[in-house]
Each structure stands twice: as C-alpha cells, then as structure tokens.
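The structure appears right after this line, and notes come after that.
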Protein chains: 2
Amino acid sequence: MKRNTWQREAVREALDASEGFVSAQTLHDRLKHTGSQIGLATVYRALADLASGGDADSLQQDGESLYRACTPGSHHHHLICRNCGLTVEIEADAVEQWAHSVAAEHGFTEAHHVVDVFGLCAACTAKAAAGELRD
Amino acid sequence: MKRNTWQREAVREALDASEGFVSAQTLHDRLKHTGSQIGLATVYRALADLASGGDADSLQQDGESLYRACTPGSHHHHLICRNCGLTVEIEADAVEQWAHSVAAEHGFTEAHHVVDVFGLCAACTAKAAAGELRD
DNA sequence: CGCCTACTGATAGTCATTCTCAAACTCAGC
DNA sequence: GCTGAGTTTGAGAATGACTATCAGTAGGCG
C-alpha cells in the first residue's frame, strides 16, 4: 500500500517550485534550508517514485541525475538553457514519427528515444553577448 | 605537445573492435585480458581524449559513460539495441533542422542536442517474440 | 485505540570516475 | 645513439553520487 507522508509531499512541492532541472542533492539541500528535516535517502526515493510514476522527468548530466516536475502522462521533450537551467517543454510529433520510422527501417521495434535540446535562452544569450558569461 | 603512446593506441583499437557502446571499465577489463598492462586511469584519459577529439561518441546510461568509435567529424545519432547493444549510426538532417528551429522559436541560441533511439533490433525482437528475453 | 506494515533517516557501503605524484617514457635536438 | 625536458602513465587514495541496511517511526484500516 502507498502511504502519504509529508516528506513525499515536500519533495513534490519543492520540485514543482523549481524552475528547471535540479539534482537530488540540490533538492535535499533546498529542503533542509527551508526547515525540513528530511533525509537524503528519502529525497532519492521520492524522486525515483515521482519519475517512475510519470510525475517527473529525469535526465542524466555529468554523472548525476536531474529531475523536474512535468505534465503527468504527456510525452514531450525539453529545451534546456545550459546557463540558467530554464526549461521549456516542447512537443515533437515530427521527431516521434522520425524516431519510429528510422527504427522500423532498421528492423528495430519498441523504440524509445531520448531527445533533449541544450542551448542558451534569450536572456543568457544577451548576457553572453555582453560578455557576462564565463563560458 | 601530444605524444603517441602504445596505451592510447591500444584503447583506440579496443574501441574500434567493439560492436556497440562499451563502458570504460569494460574496455579496461578487455585490455587487461588481452595482455595489456594498461591502467584504468589511462583508459579513462584516453577515452576522454578520443571523445573530445571527435573520434568517439559517448553517452551516459545508468550512471556510467559508454563510448564507441565513430566516424570522425561527422555529426550523427545512434540507434541502439537495448538488449544486445548493436548500434547503428543514423543521419538525422530532419532532426537537426527541427532542433534548430525549435530552439530559435524559443529564443535559444547555440543549440546542441542529444538524440538517441533505443529499441530492440530485429534479432532481439525475434528472440523476444519467442519468449527468450527476461525483459 | 491498536496493530500491522510501509516509510523514514543516519550511516555505512558501493561503484564509477578523478586526483596525486613519482617513475617511466616520448621525442626533438644534438 | 644519447640526452634532457616535459608529457604520460599507473597504483592507490580520494571524491561524490547513489543505494542498502535496519531500527525506530508513523500512516491507515480495523
């Protein structure tokens, strides 16, 4: 049986309140700083549950998993600012179809795909142009 | 100055000889078993060099980095069998353009993208149909 | 209210990857 | 072929993300 605990809710809320993708460690820190006495292991567990339940998306970057709240049940991809982390959910029917047809072409079945676009958002592009980015 | 060492060559060859993506650890084991007294750190260094030089592609799966020799200089994506690891390089002009236009639409610049398709290759699909896969 | 059991959390453990630094090696120049 | 300078190597330690452990806690159904 699945129980409701304040910890799970706290993780869900902290994730909802995040702009872009956050790591489990970051989320844990954030929760601690807002007064929650939640354990690291619990944050990992809650995030894994959220992700497997479709309430969060996850991606791996630089050896750590990043999570983000997402529209449950909908299949979409992400456009992520590599500087500020701003994330935009994007529809990609064309890519869905392309993925399936390419897979079929090569005899592959049960195709899943990983499609993410990283770039600099408008604001960060402006900053970059002004020479304010270390990148 | 970049020096040529047998270790670097050994890693390159082992990578070339691999069918699909392999982890640094696996490659290290393989080299050890073929008699090379190469160190793990060196394998990591060589792979990182290869990847940054465009001679190898890398992707992260399940917390570890996988590498694969690839056509130098060409931009392409991968179709990977999640059962046997068979990898097919695929061209994806349509996706390239889609990625750029989506990014531009949202004001993003310098768009990079991660596009990989995972599935079951023809052979593994057949096996799956025959109920021979644990998946 | 009380029991059963899932959940929590501090900590230890695991595992991939990187760091450290002395020794070995490559290679340009002689 | 030899030498010297500076890069590369490698064994093991260090790091850091994540998971397992397990006793204690607390949902939720009766």
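So that the names make sense, note that chain A is the first sequence line, chain B the second, and so on, each numbered from 1.
At least one donor-acceptor pair closer than 3.5 Å links the side chain of B:S101 to the backbone N or O of B:Q97.
When each of B:W6 and B:L66 is assigned the nucleotide of DNA chain C bearing its nearest heavy atom, the one mapping closer to the 5' terminus is B:L66.
A sub-4.0 Å separation between OP1 or OP2 of D:dT8 and a side-chain N or O of B:R8 is present. Contact annotation: B:Q25 side-chain N/O to C:dC15 OP1/OP2 distance is not under 4.0 Å. In terms of phosphate contacts, B:Q7 brings a side-chain nitrogen or oxygen within less than 4.0 Å of OP1 or OP2 of D:dG10. Close to D:dA26, at under 4.0 Å from its OP1 or OP2, lies no side-chain N or O of A:T5.
One interatomic measurement links the two molecules: CG of B:L31 to C1' of D:dG10, which rounds to 14 Å at whole-angstrom precision. When the P atom of C:dT17 is taken as reference, atom CG of B:L27 falls 12 Å away, rounded to whole Å. When rounded to the nearest whole Å, the span between OH of A:Y44 and P of D:dA20 equals 13 Å. The distance from atom NE2 of B:H28 to atom C1' of C:dT18 is 15 Å, rounded to the nearest whole Å. In this entry the distance linking NZ of A:K32 with C1' of C:dG9 reads 9 Å, nearest Å. One atom, CG of A:L47, and another, P of D:dC18, lie 10 Å apart when rounded to the nearest Å. Straight-line distance from the NZ atom of A:K2 to the P atom of D:dC29: 16 Å, rounded to whole Å. For the pair A:I38 CD1 and C:dC7 P, the computed distance is 14 Å after rounding to whole Å.
Between the CG atom of B:L47 and the CZ atom of B:R68 there is a distance of 14.0 Å, given to the nearest 0.5 Å.
Nucleic acid contact for A:S65: sugar-phosphate only, since backbone atoms but no base atoms lie under 4.0 Å from a heavy atom of the residue. As judged by a 4.0 angstrom heavy-atom cut-off over every strand, B:L40 is placed among the base-contacting residues.
In summary, the aromatic rings of A:Y44 and A:H28 are positioned with their centroids too far apart to meet the 6.0 Å limit.
Listed candidates were D:dA20, C:dC27, D:dA17. Nearest to the side chain of A:A41 is D:dA20. For A:R45, the listed nucleotide lying nearest its side chain is C:dT8; candidates were D:dG10, C:dT17, C:dT8.
Counting heavy atoms from C-beta on, the side chains of A:E96 and A:H77 come closer than 4.5 Å.
Evaluation of atom-type donor-acceptor distances gives a pair under 3.5 Å for the side chain of A:R3 against the base of C:dT5.
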Report task. In sequence, state the C-alpha distance, the side-chain angles, and the governing distance for A:H113 and A:H100, and then conclude on ring-ring contact (aromatic ring centres under 6.0 Å, His included). Result -> CA-CA 9 Å; A:H113 52 274; A:H100 267 91; 7.0 Å; no
